[in-house]
Amino acid sequence: MATELKEAEVTRVVHDVNLLLSNGAPRPASLTDKVHEGTAVRTGADSRAELTFIDKTLTRLGSNTVFTFGEGARTFDLASGAFLMQVPKNSGGAKINMAAAATAAITGTTVMGEYNDGAYIKFIVLEGIARVCSNKKNMDDCVEVHAGEMVEFHVGDKISSVERVDLAKILNSALLIIDFPPLPSISLIVAEIQQQEKENGVGQGPGVTVVTDPTGIDDQDQSASVKEAEA
């Protein structure tokens with residue numbers, strides 16, 4: 001299974017999407033293009049892309065994103081921007097490096113992540129479980145993130161406590177979901193939403209974070225965190 005994540009097919013292109021080849025000049029991405037190990041995918045403003053692997057692992061990229069196939073067969077690097085990844089159950093899983101500041105290990109899971117320079121690193125689990133670790137030297141800082149939860153922290157900081165998010169709001173507003181065909185894991189996400197509704201109602205009590213669109217677009221807390229970092 002590991003070799004199957006060395007190549008993906010471009011299955012959706014919205015506006016400005018380019019392939020940054022390791023041994024050639026950047027070129028516009030087209031549907032059915034093959035993306036290989038060592039190649040980066042870069043999206044422009046108000047642009048999105050989707051990549052599909054042989055094992056049906058799905059990766060969607062938000063605007064102003066640079067996402068690279070890493071050196072490992074199931075390793076990826078997010079330099080900036082936002083992504084959604086859905087890894088099928090019983091596959092080999094995947095590892096995502098976010099801005100060289102955090103690493104997320106996922107398997108049989110649907111997740112979203114975001115990093116923009118000067119802003120928070122964000123990582124959200126829509127269904128399943130993931131393990132997120134800070135890459136700060138001399139610091140053993142890892143947390144498990146379950147469905148309906150998020151961690152956010154600045155580069156170099158310890159990972160914040162795990163926060164709850166409103167999965168229903170994300171499902172109905174995040175551009176990496178509503179601008180694409182239904183996710184293969186949609187039934188699992190809906191089951192998690194129903195579970196949240198049984199647990200006192202998400203978004204109605206103190207300590208509940210409501211994330212409406214973790215893609216860098218219309219995301220007020222990301223904008224605020226950048227201003228805070230610049231102050």
Side-chain angles (χ1 to χ4, degrees), residues 5 8-19 29 31 33 35 40-53 56-69 76-88 94 96-99 102 104 106 108-116 119-128 130 132 145 147-152 163 165-190 192-193 196 209-223 225:
L5 288 195
E9 181 176 297
V10 178
T11 48
R12 190 169 180 88
V13 174
V14 179
H15 300 144
D16 180 22
V17 181
N18 286 274
L19 301 182
L31 289 177
D33 272 346
V35 183
V41 181
R42 181 178 65 196
T43 60
D46 193 26
S47 302
R48 288 169 290 286
E50 181 183 78
L51 308 172
T52 303
F53 297 83
K56 304 306 181 183
T57 289
L58 196 68
T59 300
R60 295 173 178 176
L61 307 179
S63 63
N64 299 314
T65 295
V66 179
F67 192 82
T68 307
F69 284 42
F76 306 92
D77 298 308
L78 177 71
S80 62
F83 73 92
L84 179 150
M85 180 173 284
Q86 192 261 316
V87 180
I96 304 166
N97 298 314
M98 294 178 285
I106 65 175
T109 312
T110 306
V111 301
M112 301 181 76
E114 180 179 17
Y115 168 72
N116 293 294
Y120 286 107
I121 291 174
K122 287 184 176 182
F123 189 85
I124 300 168
V125 175
L126 303 182
E127 56 88 15
V132 181
V145 187
E149 294 180 343
M150 175 183 76
V151 291
E152 60 178 352
E163 302 173 274
V165 295
D166 191 329
L167 288 177
K169 287 184 177 293
I170 294 175
L171 189 65
N172 292 321
S173 63
L175 296 181
L176 292 180
I177 297 176
I178 63 175
D179 279 2
F180 291 84
L183 286 163
S185 58
I186 186 63
S187 62
L188 298 174
I189 299 172
V190 170
E192 294 295 346
I193 290 172
Q196 283 192 333
T209 299
V210 177
V211 178
T212 57
D213 183 8
T215 64
I217 303 170
D218 289 335
D219 199 341
Q220 295 181 356
D221 55 340
Q222 272 289 325
S223 176
S225 66

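Just so you know, these numbers use all the heavy atoms, side chains as well, and skip hydrogens, waters and symmetry mates.
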## Note on the structure
NZ of K56 to CD of Q86, rounded to nearest 0.5 Å, is 11.5 Å
### Task
Verify, without hydrogens or angle tests, whether R48 (side chain) and V14 (backbone) share a donor-acceptor contact under 3.5 angstrom.
no
### Task
Measure the acute angle between the ring planes of F83 and F67, then classify it against the limits of 30° and 60° as parallel, tilted or perpendicular.
tilted
#### Entry: Heavy-atom pair with the smallest gap, counting every atom of A45 and S47
O-OG, 2.9 Å
### Query
Roughly how far, to the nearest 0.5 Å, is OG1 of T11 from CG of L31?
8.0 Å
### Message
Do L84 and L183 have side chains that approach each other closer than 4.5 Å (heavy atoms only, starting at C-beta)?
### Response
yes
### Query
Are the side chains of L58 and F180 in touch, meaning some heavy atoms are under 4.5 Å apart?
no
### Query
Just by modelled atom types, is the M150 backbone N or O under 3.5 Å from a matching donor or acceptor in the E163 side chain?
no
### Shortest non-hydrogen contact from T52 toward E50
OG1-OE1, 4.1 Å
### Message
To the closest 0.5 Å, what do you measure between OG1 (T110) and CD1 (I124)?
### Response
12.5 Å
### Task
Ignoring hydrogens and angles, tell me if any N or O in the side chain of R12 forms a donor-acceptor pair with the backbone of D179 under 3.5 Å.
yes
### Message
If you compare all heavy atoms of A79 against all heavy atoms of Y115, which two are closest, and at what distance to 0.1 Å?
### Response
O-CD2, 3.5 Å
### Message
Nearest 0.5 angstrom please: I193 CD1 to I186 CD1, how far?
### Response
6.5 Å
### Message
Could you report the tightest heavy-atom contact between E127 and S185, atom names first, then the distance?
### Response
OE2-CB, 3.7 Å
### Query
What is the distance from atom CG of L19 to atom CZ of R42, rounded to the nearest 0.5 Å?
10.5 Å
### Query
If only atom types and distance count, is the side chain of T43 paired as donor or acceptor with the main-chain N or O of T65 below 3.5 Å?
yes
### Query
For L167, does its backbone N or O pair with a side-chain atom of Q196 as donor and acceptor, under 3.5 Å?
yes
### Message
Any heavy-atom pair between the side chains of M98 and L78 that's under 4.5 Å?
### Response
yes
### Message
Is there a side-chain contact between T59 and V41 in this structure, where contact means two heavy atoms from C-beta onward sitting under 4.5 Å apart?
### Response
no
### Message
Within the structure provided, determine whether I177 and L126 are in side-chain contact (heavy-atom separation under 4.5 Å).
### Response
yes
### Message
Can you give me the closest heavy-atom contact between A130 and V111, atom names plus distance?
### Response
CB-CG1, 4.4 Å
### Query
Quick one: CE on M85 to OG1 on T57, what's the gap to the nearest 0.5 Å?
7.0 Å
